[in-house]
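Before any comments, here is the structure.
In what follows, every heavy atom counts, from backbone to side chain, and hydrogens, waters and symmetry copies are set aside. Model, not experiment: these values are computed from the prediction. Numbers restart at 1 for each chain; the letters A, B, ... are given by sequence-line order, proteins then strands.
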Amino acid sequence: MPELPEVETTRLGLKKLIVGQKILSAHIYQPRLRWPVPEHLLNTLDEQRVAGISRRGKYLLIEFKNGTLVMHLGMSGSIRVVDSELVLKKHEHFELKLSNNTSLRLDDPRRFGAVLWQNKGDMLPLLKSLGPEPLSDNFNANYLFECSRNRTQNIKTFIMNAKIVVGVGNIYAAESLFLSKISPKTSAGKISLKRYQVLTQSIKLILSEAIKNGGTTLKDFSGVDGKPGYFAQKLLVYGRANAPCEKCNGTIKKIVQNQRSTYYCSQCQK
DNA sequence: AAAGACACCTGGGAGC
DNA sequence: TGCTCCCAGGTGTCTT
């Protein structure tokens, strides 16, 4: 599912709807997500007011006075805010009932998502090991160039590594490399500083554009209002195996790298 | 230390 | 209709 733009779309939607609201009650309908959903949340969140909402990579951070609710959407997760009376969907595993009679609900069929708690002043080990935000100035050509030296790994797998940079998943990795004219098969360690300049700019551009379009909806993803994102129509290589390349009219190829599908144009990308 | 394989799960679509 | 197989926006952990 959701890569950074979809999580950011969710965050922006939630910001308007839940910040300032008080939690009437929390409900865990299915505790078995990626990790067990902590039961203490039922007490911890009771009567707490939502102070703010931020994001770190693909993690959503809902802030309270006593700590932070950390949520991840995994592959198939989405969050909606609906009337609390609305009948529960089959895979809605977690719910926060809010003081204005609406509810935040996490829907996640595959259950690769997560709901965790972080105490005030603490940082979950999960978040500690993350690389820089791709849209920040810390993420730049020099940085990528330096940490790629002596790496034999292909560039696509490399930029999907959250320890290197967060938020770049399978769709946007493919799109960014296409825009940069870099073959996904190239070893990260063999790419020049100049090409990393192009790549970092491409990643920033693709992610920003996707956010503007409300993210990419392939199947499960929707914004908090239940509406899909519109970036799928703008994808140039992802999911387009055997279709003509928009730039050179060659044929888009599909290969497997690191057990994930990669789409690219072998004529445009060297 | 780095790279690759595997694990966790459900549902949709293709092919028979 | 229904079965089997393959595929899917992620990422921590284990093995080489």
Sugar-phosphate, base or nothing in reach of Y238(A), heavy atoms under 4.0 Å: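 The residue Y238(A) makes sugar-phosphate contact but no base contact.
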
Touch class at under 4.0 angstrom, heavy-atom based, for Y59(A) against every strand present: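 The answer is sugar-phosphate, as Y59(A) gets under 4.0 Å only of primed atoms, P, OP1 or OP2.
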
Ring geometry between H40(A) and W117(A) (parallel below 30°, tilted from 30 to 60°, perpendicular above 60°):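 Rings of W117(A) and H40(A): perpendicular, over 60°.
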
Parallel, tilted or perpendicular: ring planes of H27(A) versus Y29(A), cut at 30 and 60 degrees: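 Ring orientation, 0 to 90° scale: parallel.
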
Under 4.0 Å protein heavy-atom contacts per nucleotide of nucleotides 7-13 of chain B, with B for base, S for backbone only and - for none: -BBBS--

Residues touching DNA chain B, which here means a heavy atom under 4.0 Å, drawn from residues 144-160 of chain A: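 When residues 144-160 of chain A is checked for heavy atoms under 4.0 Å from DNA chain B, the hits, listed by number, are R151(A), T152(A), Q153(A).
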
Rounded distance [0.5 Å steps], OG1 in T68(A) versus CG in L124(A):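 T68(A) atom OG1 to L124(A) atom CG measures 8.5 Å (nearest 0.5 Å).
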
Straight-line distance of L98(A) CG to K22(A) NZ, nearest 0.5 Å: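 That separation rounds to 12.0 Å.
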
Separation of the P atoms in dT11(C) and dA1(B), to the nearest angstrom: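 Approximately 23 Å lies between the P atom of dT11(C) and that of dA1(B).
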
Min side-chain heavy-atom separation E39(A)-P31(A) under 4.5 Å: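 A side-chain contact under 4.5 Å is absent here.
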
Side-chain heavy-atom pair N140(A), Y196(A) within 4.5 angstrom cut-off: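 They are not in side-chain contact.
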
Contact under 4.0 Å: H72(A) side-chain N or O vs dG10(C) OP1/OP2: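 Result: no.
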
S261(A) vs dA8(C): side-chain N/O to OP1/OP2 distance below 4.0 Å: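 True: S261(A) side-chain N/O within range (under 4.0 Å) of dA8(C) OP1/OP2.
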
Take atom [atom1] of [X] and atom [atom2] of [N], then tell me their distance rounded to the nearest Å.
X	N	atom1	atom2	value
L218(A)	dG10(C)	CG	P	10 Å
N161(A)	dG12(C)	CG	C1'	12 Å
R260(A)	dG12(C)	CZ	C1'	14 Å

Distance-only criterion, 3.5 Å: show the donor-acceptor pairs between side-chain atoms of residues 223-244 of chain A and protein atoms not counting sequence neighbours.
from, atom 1, to, atom 2, distance (Å)
D225(A), OD1, K227(A), N, 3.0
R240(A), NH1, L236(A), O, 2.8
R240(A), NH1, P244(A), O, 3.2
R240(A), NH2, P244(A), O, 2.9
R240(A), NH2, E246(A), OE2, 3.4

Watson-Crick or G-U stems of DNA chain B, 3 or more pairs, under 3.5 Å, by first number: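 DNA chain B stems, ordered by first number: B:2-8 with C:10-16, B:10-16 with C:2-8.
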
Donor-acceptor side-chain pairing of E95(A) and S103(A) below 3.5 angstrom: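 E95(A) vs S103(A): donor-acceptor pair found between side chains.
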
For residues 48-57 of chain A, tabulate all N or O donor-acceptor pairs below 3.5 Å that involve a side-chain atom, not counting sequence neighbours.
from, atom 1, to, atom 2, distance (Å)
R49(A), NH1, G20(A), O, 2.7
S54(A), OG, E63(A), OE2, 2.6
R55(A), NE, E8(A), OE1, 2.7
R55(A), NH1, G57(A), O, 3.0
R55(A), NH1, E133(A), OE1, 3.0
R56(A), NH1, G131(A), O, 3.2
R56(A), NH1, E133(A), OE2, 2.9
R56(A), NH2, L130(A), O, 3.3
R56(A), NH2, G131(A), O, 2.7

Residue pairs fulfilling salt bridge (Lys or Arg N to Asp or Glu O under 4.0 Å) with at least one residue in residues 135-162 of chain A, sequence neighbours excluded: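 Matches after skipping sequence neighbours: none remain.
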
Shortest non-hydrogen separation from K185(A) to I255(A) and the atoms involved: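 That closest heavy-atom pairing would be CE-CD1, 3.9 Å.
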
